[in-house]
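Data block below; observations after.
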Amino acid sequence: MKLRDFLIGVATGLAAAIVIKETAERISPFVPANQVLNNVKAQFKKEAPIDGSWIYMKTEDFYNGVTSIPVYKGGISRLNNGEMESFEFAADARSGVIVDLKRI
């Protein structure tokens, strides 16, 4: 096998990988809502057991004072020291990071 043929194969493989990656991001640029909820629940479970949770599966726009970002909105309830606590959260739909958390 010639070096030229090998380099052409490598370049073709890299180009195909880039095209596939870009296409996949256009089709589904958001983290799945269930994955976001599972990550939030895992963080809350470190402090106390969870009683219930929910997440709205469609994204909404969230304005943080500077820019508008797509978020998933959800909630968690837990029993902490015999007292029920409820929280609502907004998580960035692209990364899954919580951008807003309120105790209700």
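The model shown is predicted, which means the values in this text are computed figures rather than measured ones.
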Mind running side-chain contact (heavy atoms from CB on, under 4.5 Å) on Q43 and N39 for me, showing each step along the way? CA-CA 6 Å; Q43 293 301 314; N39 292 341; 5.9 Å; no
Apply side-chain contact (heavy atoms from CB on, under 4.5 Å) to the pair R94 and V31, showing each step before the final yes or no. CA-CA 6 Å; R94 291 189 179 105; V31 175; 5.9 Å; no
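Summarising the geometry, atom CG belonging to N34 is positioned 9.0 Å from atom NZ belonging to K41; distances are rounded to the nearest 0.5 Å. From D100, atom CG reaches atom CG of D92 across 12.5 Å, with rounding to the nearest 0.5 Å. Between the NZ atom in K73 and the CD1 atom in I55 there is a gap of 12.0 Å [rounded to 0.5 Å]. One distance of note links CZ of F87 with CD1 of I98; it measures 10.5 Å at 0.5 Å rounding. In this structure, I69 CD1 and E60 CD are separated by 12.0 Å, a value rounded to the nearest 0.5 Å.
For the pair F62 and S68, the minimum side-chain heavy-atom distance is 4.5 Å or more. The side-chain heavy atoms of I8 and R4, taken from C-beta on, include a pair separated by under 4.5 Å. Looking only at side-chain heavy atoms (C-beta outward), V99 and V71 come within less than 4.5 Å of each other. Within the 4.5 Å cutoff, the side chain of S53 has heavy atoms near those of the L37 side chain.
Salt-bridge formation is detected for the pair R103/E85: a Lys NZ or Arg NE/NH1/NH2 atom is positioned less than 4.0 Å from an Asp or Glu carboxylate oxygen. The residues E47 and R78 are annotated as salt-bridged, a charged nitrogen and a carboxylate oxygen being separated by less than 4.0 angstrom.
Both L14 and L3 are assigned to one and the same hydrophobic cluster, defined by single-linkage of ILVMFWY side chains at heavy-atom distances under 4.5 Å. Grouping the Ile, Leu, Val, Met, Phe, Trp and Tyr side chains by contacts below 4.5 angstrom, directly or via other members, places F44 apart from W54. The hydrophobic cluster containing I76 does not contain V97, counting ILVMFWY residues as joined when their side-chain heavy atoms lie under 4.5 angstrom apart, directly or transitively.
Between S77 and S86, the closest heavy-atom pair is CB-OG, 3.8 Å. Nearest heavy-atom pair across L79 and M84 is CD1-N, 3.9 Å. A93 approaches T59 most closely through the heavy-atom pair CB-CG2, 3.6 Å.
Of the possible donor and acceptor atoms, none in the side chain of Y56 sits under 3.5 Å from a partner among the backbone N and O of K58.
Side-chain rings of Y72 and F89 stay apart, their centers remaining 6.0 Å or farther from each other.
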